[in-house]
Every structure is written in C-alpha cells, then in structure tokens.
Undergrad: 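Structure provided below as structure tokens; questions to follow.
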Amino acid sequence: MSDISTKAASRPGSSKEKSMKPFSLSGVGGFLAKQGILIAFAVFMIGFTIANQRFLDPDNIMGVVRSSAILGVMALGVTFVVISGNLDLSVGSMMSFATIVVLDLHDKLGPLLAIPSMYAMVLCLGAFIGFLVGYLKLNSLIVTLGMLSAIHGLTLTYSGGKNMDIADKEGTWFSVFGQSTVLGIPVQILLFALVASVLGIVLAKTPFGRKVYAVGGNGTAATFSGIRRARVVFTCYLMSAFCVGTAGLIQASRSLGSQNTVGQGLELEVLAAVILGGASLMGGSGTIFKTVIGVLILGFIQNGLLLVGLQFYVQYVVTWIIIILAVWLDIAAKRGKLWSPIA
C-alpha cells in the first residue's frame, strides 16, 4: 500500500505537484495575462467617474469617441501591419504629409481633385515602404523609423516650413468630413465605423485576411504553403497608407488648416492602441474589433486624466506606461506566466 501511495503521489497529475506549480494560463496569472488590461481599464473608469461626475456624461462620451476617430482610423491600418509580423512607425509623419498636401491642393485644384491626389501620394509612400519590407525583406522597424524622418523632411520641404490654411473656409464643402453630422452623429465617427466595418470583414472573412494571419504567425511556413508573403506584406502597408490618408483628410476637414507637425508623436499612440486591442508584436494575432476597443480605452484614459485636473503632458507618461504594460501582458499570455521562468 505504501508503494502504491508513493507512486500516486509522484505521478505528474498528482494534487501535490499541482499545488507546487506556478501560475499558468489556467490560474490567476493566466487570467491577468489575458484580461489584465481590461481590468485596469475598468479600475480607471470607476476612479475617473468617482473623481468627476462629468466623465460619463453623454456629451463627454461622444466627444471622446469623436476625438479618437482620427487615431482610430490610423490604428485600423496598422493592425494589418502588426498582425503580419511587422511595424509601422511612419504613420504620424505620413498623416502630417497627407494633411498638408490636401490643404494645399484644395486651393490649387479644388477639393474634388485634391482628395484623390493626396491619396495617390500617400499610397506611393506606403508602396515604397511595402516594397522595402515585403520584397527586399528589410527590417520593418528600421525602415519605418527612417521613413518617419524622411517623410517629416518631405512635409517641411513641400510646405516650405509653413503651416497650411484654406483661403475660403466659409465657402467650401470640404468641412463635411470633420465638422458635419448625420442624424446627430459626427461624420468622422461614421467614417471610422465604416472603415472599421470594411476592414473587419476583410480580415475575418476573406482569404487575404487568413493570409495575413498566416504570414504573421509563421512566415516561412506560409511561404511553403504557397502564400506570397511579399505581396501580403506589401498590401498591408498599402492599407495602412490608405487609412493614414483618411485620417489626414478628417484632420484637414476638421480644422481647415494645420501645422506641418500635426501628426508628430501619433505613431506611439497608434501602436499603443493596437497593442491594447490584443494584437501581438510577434505577429499572427489581433482583430479589428479589439483595436477599436483599444483606441477607446486610450481615449477614455486620456480624457479622464484631463477631467481630474492633470496637465495634458501627463498623457505621454501614461501612454508609455500603457505600452509597457500591454507588451508585458502580451508576452505573459504567450509564455503562460506573468513572470519570466528564469526570474
């Protein structure tokens, strides 16, 4: 009997051994790794509501969603890039370029020609990045970091270092994209919802979406399966550029004028929103719906900080903390533990 009990106690599935195991995906550690950011968001929401009753006011909620639309549209395109296993740090500078170009061409060509011309230029930039990363297989971090500076310089060269403004702000219909409403809903929110719906269907329901997941999950295996990895990556950067162009259109229409650095720093906020939505920096996972949630989380946290009386520049510190927390939880979810096994 003693031998039998000894063997039972030494079996891999014995209760004694289970009690000695560290947190895993089936325990508290795994739950925090998967849902920790939502728990933190809930705590933020409760705290902000207690600190300021205006936080949950319908007008404030609508204002947050409206102000998050530009960032959100950019994040939708970057979601495809991240799922494919790459990064895009050039979106902030590219958004500045799109905004300046469409404002400048508005007075020179008129809005009907300015808008497609702007999209053509931005898509050329996206195609160039996609060619370098997809076909030449250069590191996406290095390429897009370099393009961040290059596009910023291109914007300053194009604008002559000056800000852009539409001459006749009262007599143009161009403001419809950023200032008008439909049934009480701002058009920019409707554009955000439309782009999210279309790209959500593309990612979840089409063969191309499955190829994006395959390339990001295991690029080598995807190539041996007959998937043209370079073409998929190239297309993802084109989609990202299109979304950036749309964000630039909304920004230009919203203010009918802009500084040539309007998108500076947005690349980090976009990346934070995408990661908050559950997309893995390692590629192969993420959804459009969760990216939308990530954008709203970031927007409500930033709004709450302002309502409790903190200065706007505190948002940069909070954004950094959120990025670190999200990356940690992403890695923890992959390995099944909150802490490193060698720690």
Side-chain angles (χ1 to χ4, degrees), residues 41 44-45 48-49 54-80 91-92 94-96 98-99 102-103 111 115 118-119 122 166 169 172-204 239-258 262-263 266-267 269-274 276-279 286-307 312 315 319:
F41 176 58
F44 271 118
M45 293 289 284
F48 291 144
T49 303
R54 290 177 50 209
F55 183 69
L56 292 182
D57 185 82
D59 290 336
N60 183 64
I61 293 176
M62 181 64 75
V64 172
V65 178
R66 181 175 182 175
S67 63
S68 300
I70 294 175
L71 179 72
V73 171
M74 296 170 66
L76 297 176
V78 174
T79 299
F80 277 82
V91 291
M94 196 181 297
M95 200 274 269
S96 298
T99 305
V102 75
L103 287 172
I115 294 173
M118 177 272 291
Y119 272 110
V122 172
I166 291 178
K169 296 183 179 181
T172 179
W173 56 264
F174 184 70
S175 60
V176 66
F177 302 107
Q179 300 181 21
S180 299
T181 61
V182 176
L183 299 177
I185 303 176
V187 171
Q188 59 197 78
I189 294 180
L190 296 177
L191 287 174
F192 178 30
L194 176 63
V195 176
S197 299
V198 173
L199 294 187
I201 293 173
V202 170
L203 185 60
M239 297 176 74
S240 178
F242 174 82
C243 290
V244 171
T246 303
L249 175 64
I250 296 174
Q251 176 63 41
S253 175
R254 182 180 181 182
S255 59
L256 299 180
S258 177
V262 64
L266 285 182
E267 54 277 338
E269 292 188 38
V270 168
L271 188 59
V274 173
L276 277 174
T287 66
I288 292 296
F289 173 74
K290 289 185 177 180
T291 293
V292 173
I293 298 299
V295 169
L296 295 179
I297 288 175
L298 198 60
F300 277 112
I301 288 177
Q302 292 176 346
N303 174 257
L305 293 174
L306 293 177
L307 288 180
F312 75 93
Q315 296 178 12
T319 300

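Below, each value reflects all heavy atoms present in this structure, side chains not excepted, and no hydrogens, waters or symmetry copies.
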Undergrad: Which class fits the ring pair Phe300 and Phe55: parallel under 30°, tilted 30 to 60°, perpendicular over 60°?
TA: perpendicular
Undergrad: Does any part of the side chain of Glu267, heavy atoms only, come nearer than 4.5 Å to the side chain of Val78, both counted from C-beta?
TA: no
Undergrad: Less than 3.5 Å apart, any donor N or O on the side chain of Ser258 or Thr99 sitting next to an acceptor on the other?
TA: no
Undergrad: Specify the closest pair of heavy atoms between Leu256 and Leu103, including all atoms of both residues, with the distance to one decimal.
TA: C-CD2, 3.9 Å
Undergrad: Under a 3.5 Å distance rule, please check whether Gln188 uses its side chain to pair with a backbone N or O of Arg66 as donor and acceptor.
TA: yes
Undergrad: Check whether any side-chain heavy atom of Phe192 lies under 4.5 Å from a side-chain heavy atom of Val292, and answer yes or no.
TA: yes
Undergrad: Where do Ile166 and Lys169 come nearest, in terms of heavy atoms and distance?
TA: O-CG, 3.3 Å
Undergrad: Of all heavy-atom pairs between Ala75 and Val270, which one has the smallest distance, and what is that distance?
TA: CA-CG1, 3.7 Å
Undergrad: Is there a side-chain contact between Ile297 and Ile293 (heavy atoms, below 4.5 Å)?
TA: yes
Undergrad: For the atom pair CZ (Phe48) and CG (Asn303), what is the distance rounded to the nearest 0.5 Å?
TA: 8.5 Å
Undergrad: Once you round to the nearest 0.5 Å, how far does CE of Met118 lie from CG of Leu249?
TA: 5.0 Å
Undergrad: Nearest heavy-atom pair of Ile70 and Met95: which atoms, and what distance?
TA: CG2-CE, 4.1 Å
Undergrad: Please examine the side chains of Cys243 and Val195, heavy atoms only from C-beta on, and report whether any two atoms are closer than 4.5 Å.
TA: yes
Undergrad: Tell me every residue that passes side-chain hydrogen bond (donor to acceptor under 3.5 Å, both in side chains) with Asp57, counting only those two or more places apart in sequence or in another chain.
TA: none
Undergrad: Between Leu194 and Leu190, does the side chain to side chain contact (heavy atoms under 4.5 Å, CB included) criterion hold? Intermediate values first, please.
TA: CA-CA 6 Å; Leu194 176 63; Leu190 296 177; over 6 Å; no
Undergrad: Could you check whether any side-chain heavy atom of Ile288 comes within less than 4.5 Å of a side-chain heavy atom of Thr79, counting everything from C-beta outward?
TA: yes
Undergrad: Only pairs under 3.5 Å count here: list side-chain donor-acceptor contacts from residues 174-181, not counting sequence neighbours, and write none if there are none.
TA:
unit_1	atom_1	unit_2	atom_2	d
Gln179	NE2	Ser253	O	3.3
Gln179	NE2	Arg254	O	3.1

Undergrad: If I compare all heavy atoms of Leu71 with all of Leu266, which pair ends up nearest, and what's the gap?
TA: CD1-O, 4.2 Å
Undergrad: Start with the C-alpha distance between Val91 and Ser240, add both sets of side-chain angles, then the distance that settles side chain to side chain contact (heavy atoms under 4.5 Å, CB included), and finish with yes or no.
TA: CA-CA 8 Å; Val91 291; Ser240 178; 3.8 Å; yes
Undergrad: Which residue in the set Thr246, Leu203, Leu199 passes side chain to side chain contact (heavy atoms under 4.5 Å, CB included) when paired with Leu76?
TA: Leu199
Undergrad: Once you round to the nearest 0.5 Å, how far does CE of Met62 lie from CD1 of Ile185?
TA: 6.0 Å
Undergrad: If you look at every heavy atom in Val122 and Ala98, which pair is closest and at what distance?
TA: CG2-CB, 3.7 Å
